[in-house]
Structure formats: C-alpha cells, structure tokens
Amino acid sequence: MAHVTEIARTDSEAETKEAVARAVALLEAGGIVAVPTETVYGLAADAMNPEAVARIFEAKDRPLFDPLIVHLPRKYLLHEVAEVPEDIAKVVAQLTETFWPGPLTLLLPKKPCIPDIVTAGLPTVAVRVGAHPVFGRIAKAFGRPIAAPSANLFGRISPTSAAAVFQELEGRVPLIIDGGACSRGLESTIIRIEPGEKKPIFHVVRAGPLSDDELKNFGKVRYQKHNDSVENQSPEAPGLLASHYAPRTPLRLIEEPGSFRPEPGKRYGLLSYRGSPEDGFIGRNDWAEVRILSPGSGKMPEAGVRFFFILRELDALGLDEIIAEPVPERAMGRAIMDRLRRASVG
Ligand code: TXA
Ligand code: MG
C-alpha cells in the first residue's frame with residue numbers, strides 16, 4: 001500500500017487534460033485516486049471492481065461495514081445501478097432533474113451488478129452525480145460508476161483541499177487531483193424516500209449543503225435525531241457513528257455559553273460562528289486562538305465552506321482543547337451542528 005503521493009494540478013487546460021488522463025488510467029488499472037468534488041475531496045475507485053474498492057477501505061483504514069457512495073458520470077445511468085420503485089419514480093425524477101449534478105445523495109434499492117463490498121452487504125446503494133468540473137471530466141472519460149467516500153482517514157476531518165488530502169493520505173494514495181478548494185465544503189445531503197400519503201417523505205440520513213428549504217418543494221422533510229444511529233445499533237447510514245469528523249485535539253461543543261469553565265493553564269482555541277460578543281463566547285476566556293466561520297453578520301454558506309478547513313487549522317495548533325460555539329440550526333447550520341456534535345467529546 002505504500003505509495004509516493006503526487007499532486008496533479010489543474011490550473012491550465014493542458015494540466016487538466018493530463019490530470020484527467022492520469023486519474024482515468026489509475027481507475028482503469030483498478031487503482032485509487034483522490035479527486036475533488038464540490039462537497040469534499042473523494043477517494044475514487046472503479047465501483048464495479050471489488051478489488052479496486054477494497055483498496056479504498058485499506059487506504060482509509062475504513063471498516064468494511066461502512067458502505068460507499070457511488071458517483072455516476074451522467075444522471076440517466078441511475079437505472080443501471082439502482083432500482084427506482086414505481087411509487088417514488090416521479091419524485092426521484094424531479095429530484096435528479098433539479099439537484100443533479102449537485103450535493104444530493106439518494107439511497108435506493110441496489111441492482112445486483114453493484115458489488116457487495118460497495119454497499120457493505122446492504123440491499124441499498126447511495127448514489128450521486130457530483131458537480132465539480134474536473135471530477136465530471138474524469139467520470140465521463142471513465143464512463144462507469146465510481147465509488148468514492150471522503151478522502152480522509154476513517155473518523156477524521158473531511159478534506160476540502162488537495163493539501164488536506166495530502167495530510168490525511170500521504171503514502172496511501174498514488175495521486176491527488178488538485179481541483180482547488182471545495183465550493184460547498186460539507187458532505188452531500190443523504191436522503192431515503194418513502195412514498196407517503198399525500199407527499200413523498202424525505203428521511204434525511206445525513207444533513208448537508210442541500211437544505212430543507214430546497215427539498216420541501218418536492219416532499220416532506222424529516223430529520224433523524226442525533227444519536228439515533230448509535231442508540232438503536234442499526235444506523236441508517238452505518239458510517240454515521242457518534243464519533244466522526246473528529247480532530248486529534250479534543251473538541252467540545254458548548255451549547256450554553258454560560259456553562260464554560262476554563263481550567264487554569266489550559267490553552268483553549270475557540271471555533272466561533274460570527275466572532276460576535278453577543279454569541280457569548282469571545283469574551284468568556286483568554287483564548288489562545290480564535291477562528292471565525294463567517295465573520296460579521298454570519299452567513300451559512302460561508303460557514304459551511306470554511307468549516308472543515310478551519311477545524312483542520314485549529315487541530316494543527318497544539319491546543320489543549322477546541323471549544324466550539326453553536327451555530328443557528330437553519331439551512332447549512334443543521335449540517336454544521338451535526339458535524340460538531342459528532343466531533344465533540346461530550
Ligand atoms: O459529499 C459526499 O457525499 C462525499 C463526496 C466525496 O462524494 N462523500 C462522502 O462519503 O461523504 P462518505 O463515505 O464519507 O460518507 C458516506 C456516508 C457514510 O456515512 C455511509 O455510511 C453512508 O453514506 N452510506 C453509503 N451507502 C449507504 C447505504 N447503502 N445505506 C446507508 N448509508 C450509506
Ligand atoms: Mg466521510
């Protein structure tokens with residue numbers, strides 16, 4: 001598994017052409033390659049080749065019970081990898097028309113052609129068509145479904161730049177395609193669809209960049225409660241364990257500013273939403289470091305884009321603890337709070 005990890009740039013058309021060709025050659029040879037998507041960087045392999053897919057699990061130290069997302073080069077290929085039940089066919093067509101390419105992943109019954117290792121033996125497959133132009137070119141040139149989870153070590157912070165992938169997977173992957181910073185910055189919204197009586201029901205298995213405001217035009221949106229997946233031991237998304245997205249430095253989400261009591265001599269870093277004293281945290285301690293997700297008025301898409309980047313930065317500062325302020329649970333704030341709760345030690 002030892003590799004010399006190279007980074008291929010895509011600043012010019014000539015570089016992009018070469019990077020795409022190298023990525024496709026690796027995929028065709030049953031290898032792995034890290035690729036940019038609009039959400040976070042992914043670690044890609046030929047979804048139809050079980051040995052290639054096994055290399056993803058090995059490189060990430062990912063347990064085999066945690067299934068992978070399948071990326072399609074084009075929307076219409078959905079029917080080659082998934083069965084779309086009659087009673088949700090209409091809404092699936094609406095959703096894919098509206099949101100693909102984009103940060104929406106659908107859980108659907110799988111077709112037998114998808115190897116069991118991809119879905120961890122589950123009868124369903126998670127499918128999406130991503131919107132990153134470089135990944136789009138790789139997927140189209142390859143022409144077949146690609147399995148790609150986030151390109152981090154299992155349980156760690158998702159990478160939103162090529163440099164972050166390098167930190168995570170140096171020596172474990174031969175090539176990283178550098179497509180710049182991810183424009184969304186949080187993993188795709190994953191939903192499971194039920195027919196419902198009047199309207200289809202969207203069970204949000206993982207909150208993401210696509211918010212309920214956007215989804216609710218097509219159905220009723222329901223969120224899973226945090227920790228449901230741990231308590232009932234049969235998680236809807238097996239990868240959504242309680243501890244996930246975690247920095248190496250202990251992180252604590254404090255939902256009540258008044259309850260923070262700093263211990264003397266400890267170096268604390270603050271992860272703040274707006275950096276505003278009204279949020280109650282900035283003034284409560286002599287912070288060793290402060291990082292702000294969306295300075296000033298606080299804008300969710302900006303906070304989303306910067307979230308993993310800033311978390312990774314704080315994690316590199318040798319702090320004793322990272323204290324995270326809550327963000328409002330609306331739009332992408334829901335996805336950020338979900339990641340913070342899973343990253344938090346208590
Ligand atoms: O934005 C994204 O979705 C990124 C980019 C690279 O596409 N990918 C990503 O993959 O976040 P990953 O593996 O880090 O997270 C996928 C989640 C995991 O929690 C996994 O358990 C869940 O999706 N999942 C995948 N297939 C599933 C299935 N058949 N049933 C339930 N959950 C599934
Ligand atoms: Mg992940």
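These figures come from a predicted structure and were not determined experimentally. Atoms within each ligand, like the ligands themselves, are counted from 1 in listed order. Starting from 1, each residue takes its place in the sequence as its number.
Using a 4.0 Å cutoff on heavy atoms, T119 does not count as a contact of ligand 1. Proximity of R184 to ligand 1 is not established, as no heavy-atom distance is less than 4.0 Å. Assignment of R192 to the shell around ligand 1 is not supported, since no heavy atom sits closer than 4.0 Å. Within the structure, ligand 1 lacks K110 among the residues with a heavy atom less than 4.0 angstrom away.
Distances below 4.0 Å separate heavy atoms of V40 from the following atoms of ligand 1: 4 (C), 6 (C). Residue-ligand proximity, T39 to ligand 1, at heavy-atom distances under 4.0 Å covers atoms 1 (O), 2 (C), 4 (C), 5 (C). Annotation for ligand 1: atoms under 4.0 Å from non-hydrogen atoms of H71 are 7 (O). Heavy-atom proximity to L122, at under 4.0 Å, picks out these atoms of ligand 1: 28 (C), 29 (N), 30 (N). Interface atoms of ligand 1 facing I190, defined by a heavy-atom separation under 4.0 Å, are 17 (C), 23 (O). Atoms of ligand 1 lying under 4.0 Å from any heavy atom of S188, numbered from 1 in the order shown and given with element: 1 (O), 2 (C), 3 (O). Residue contact check: I69 has heavy atoms under 4.0 Å from atoms 3 (O), 8 (N), 9 (C), 10 (O), 16 (C) of ligand 1.
Residues R128 and E38 are paired through a salt bridge, judged by an N-O separation under 4.0 Å between the basic side chain and the carboxylate. With salt bridges taken as basic N to acidic carboxylate O contacts below 4.0 Å, none links E170 and R172. Ion pairing between R341 and E329 holds under the 4.0 Å rule for side-chain N and carboxylate O. Between E187 and R339 there is a salt bridge, since at least one side-chain N of the basic residue sits less than 4.0 Å from a carboxylate O of the acidic one. Under 4.0 Å is where a charged nitrogen must lie from a carboxylate oxygen, and between R342 and D338 at least one such pair does.
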Could you walk me through whether N152 and S150 pass the side chain to side chain donor-acceptor pair (under 3.5 Å) check? CA-CA 6 Å; N152 50 278; S150 53; 2.6 Å; yes
How far apart are the C-alpha atoms of E325 and S272, what are their side-chain angles, what is the distance that settles it, and do they pass the side chain to side chain donor-acceptor pair (under 3.5 Å) test? CA-CA 5 Å; E325 226 172 59; S272 168; 3.1 Å; yes
R206 vs S188, test: side chain to side chain donor-acceptor pair (under 3.5 Å). Steps then yes/no. CA-CA 8 Å; R206 179 177 70 185; S188 60; 3.2 Å; yes
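Considering backbone and side-chain atoms alike, D66 places an N or O below 3.5 Å from some N or O of ligand 1. Residue Y41 has no nitrogen or oxygen atom sitting less than 3.5 Å from a nitrogen or oxygen atom of ligand 1, judged on distance alone. Backbone and side-chain nitrogen or oxygen atoms of T124 are examined, and one is located within less than 3.5 angstrom of a nitrogen or oxygen of ligand 1. Ligand 1 has no nitrogen or oxygen under 3.5 angstrom from a nitrogen or oxygen of T105.
At a heavy-atom distance under 4.0 Å, only backbone atoms of L68 (N, CA, C or O) approach ligand 1.
Results of the salt bridge (charged side-chain N to carboxylate O under 4.0 Å, His left out) test with R22 over E6, E15, E28 single out E6 as the only residue that passes.
Comparing S158, P123, P67 by heavy-atom distance to atom 26 (N) of ligand 1, the nearest is P67.
Inclusion of S150 in the first shell of the Mg ion (ligand 2) is supported: an N, O or S atom falls under 2.8 Å.
In this structure, R284 is not positioned above the aromatic face of F281 in the sense of NZ or CZ being under 6.0 Å from the six-membered ring centre and within 45° of the axis.
Using a 4.5 Å heavy-atom cutoff, the side chains of T98 and N217 are not in contact.
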